[in-house]
Amino acid sequence: MCGRFTQLCSWQEVHRFLNLTGPALELRPRYNVAPGQDAAAVRADHGERRLSILRWGLIPAWSRTPNIAYRLINARAETAATKPAFRAAYRSRRCLIPADGFYEWARHGATRQPYLIGRKDGSTMAFAGLWEQWRVREGIKLPRSLAELAPGETLETCTILTTAANETVAPVHERMPVILPAESFDAWLGGGAVELGPCPAHEIVGRAVGTWVNKASNEGPEAMEKP
DNA sequence: CCAGACGTTGTT
DNA sequence: GTCTGG
DNA sequence: CCAGACGTTGTT
DNA sequence: GTCTGG
């Protein structure tokens with residue numbers, strides 16, 4: 001699956017990779033993006049590619065409460081097109097989520113060892129994602145983390161597609177994020193048919209990191225350090 | 001017709 | 001919103 | 001994903 | 001056990 005990742009890239013680096021339009025944003029490097037936090041994502045908008053900030057954890061537009069979000073941080077690529085929670089977004093609200101690495105936890109009995117996985121040269125990848133808009137309804141009780149939202153306001157959320165692990169990731173975990181090749185970017189954002197399987201195993205590499213990353217409020221480069 | 005679910009992961 | 005179950 | 005909380009009443 | 005927060 002994909003429950004944490006890094007976004008070290010600047011807007012300019014994402015622009016080089018994904019050919020963005022629109023004004024540049026000031027992005028701070030993120031060493032430990034966790035569910036419920038804001039993350040940078042790229043969406044097609046009238047033929048342009050804009051980078052925006054979405055909250056990770058998808059809330060379907062029809063959802064009565066936002067509490068479902070923490071379970072919808074991932075969508076299975078095999079079924080997202082038809083599942084009620086995802087199919088509308090799959091049709092018309094797709095995004096690319098730039099990431100330089102993702103964390104997976106290997107379970108050896110009671111212990112959990114985090115690994116950081118990414119391209120050998122550390123360059124930026126693009127996860128396949130979906131996004132949604134959720135409008136705060138009158139009279140609903142919001143969790144503290146969303147308490148600043150007023151009724152009528154709109155929250156934009158996203159989820160990361162997952163697929164079977166390739167041979168690099170399999171020793172650590174059964175699932176991994178869908179990492180799209182550059183030739184699929186247009187088709188994905190445009191709503192076309194795209195192969196959503198695991199990326200070739202030789203394109204990525206993993207290494208163990210310390211458990212400092214476990215705590216989501218730990219945000220520094222220490223997250224990537226060896227155990 | 002209305003009511004109720006709608007999801008992933010990992011663990012049991 | 002839309003589908004399934006009753 | 002993992003870590004940490006998980007409750008009420010009344011008073012400050 | 002289950003939910004919220006990060």
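Per chain, numbering begins at 1; letters A, B, ... match sequence-line order. Hydrogens, waters and symmetry mates play no part in the numbers below; they use all other heavy atoms, side chains included.
- Of the side-chain N and O atoms in A/Ser145, one or more sit less than 4.0 angstrom from OP1 or OP2 of E/dG5.
- For A/Asn67, the listed nucleotide lying nearest its side chain is E/dT4; candidates were D/dA3, B/dT8, E/dT4.
- OP1 or OP2 of B/dT8 lies within a sub-4.0 Å distance of a side-chain N or O belonging to A/Thr79.
- If you take atom P in E/dG5 and the same atom in B/dT8, they sit 24 Å apart, rounded to whole Å.
- Defined by atom type and a distance below 3.5 Å, a donor-acceptor pair is present between the side-chain atoms of A/Gln37 and A/Arg30.
- Comparing E/dC3 with B/dT9, their C1' atoms sit 16 Å apart, to the nearest whole Å.
- A sub-4.0 Å separation between OP1 or OP2 of B/dT9 and a side-chain N or O of A/Thr162 is present.
- Stacking between A/Trp62 and B/dC6 is present: the aromatic ring centre lies within less than 5.5 angstrom of the base six-membered ring centre, and the two planes differ by under 30 degrees.
- Applying side chain to side chain contact (heavy atoms under 4.5 Å, CB included) to A/Cys9 and the options A/Leu18, A/Leu27, A/Asp100 leaves one that passes, A/Asp100.
- When the C1' atom is used for both D/dT11 and B/dA3, the distance is 45 Å, rounded to whole Å.
- Using a 4.0 Å heavy-atom cutoff across all strands shown, A/Ala34 reaches at least one base atom of the nucleic acid.
- Between A/Asn74 and A/Thr162, the side chains place no donor N or O within less than 3.5 Å of an acceptor N or O (distance only, hydrogens not considered).
- Looking at heavy-atom distances under 4.0 Å, A/Asn218 makes no contact with the nucleic acid at all.
- Side-chain atoms of A/Leu54 and A/Arg43, non-hydrogen and from C-beta on, do get closer than 4.5 Å to each other.
- The phosphate of D/dC2 (OP1 or OP2) has no side-chain N or O of A/Arg4 nearer than 4.0 angstrom.
- When heavy atoms are screened at a 4.0 angstrom cut-off, A/Pro143 is found touching the sugar-phosphate backbone but no base atom.
- The residue A/Phe86 sits close only to the backbone: its heavy atoms come under 4.0 Å of sugar-phosphate atoms, none of a base.
- Between A/Arg64 and B/dA5 there is no side-chain N or O to OP1 or OP2 distance below 4.0 Å.
- Of the side-chain N and O atoms in A/Arg112, none sit less than 4.0 angstrom from OP1 or OP2 of D/dC1.
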Which dot-bracket string fits DNA chain B when only Watson-Crick or G-U wobble pairs with both atom distances under 3.5 Å count, crossing pairs get [ ], and | stands for a partner on a different strand? ||||||......
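- Residue A/Ile68 is classed as having no contact, given no heavy-atom separation below 4.0 Å to the nucleic acid.
- Side-chain contact between A/Trp56 and A/Ile97: absent, with no pair of heavy atoms (C-beta onward) separated by less than 4.5 Å.
- Side-chain contact between A/Trp131 and A/Glu156: present, with at least one pair of heavy atoms (C-beta onward) separated by less than 4.5 Å.
- Put simply, A/Lys83 has no side-chain N or O that comes within less than 4.0 Å of OP1 or OP2 on C/dT2.
- Side-chain contact, A/Trp212 with A/Asn32: no donor N or O sits under 3.5 Å from an acceptor N or O.
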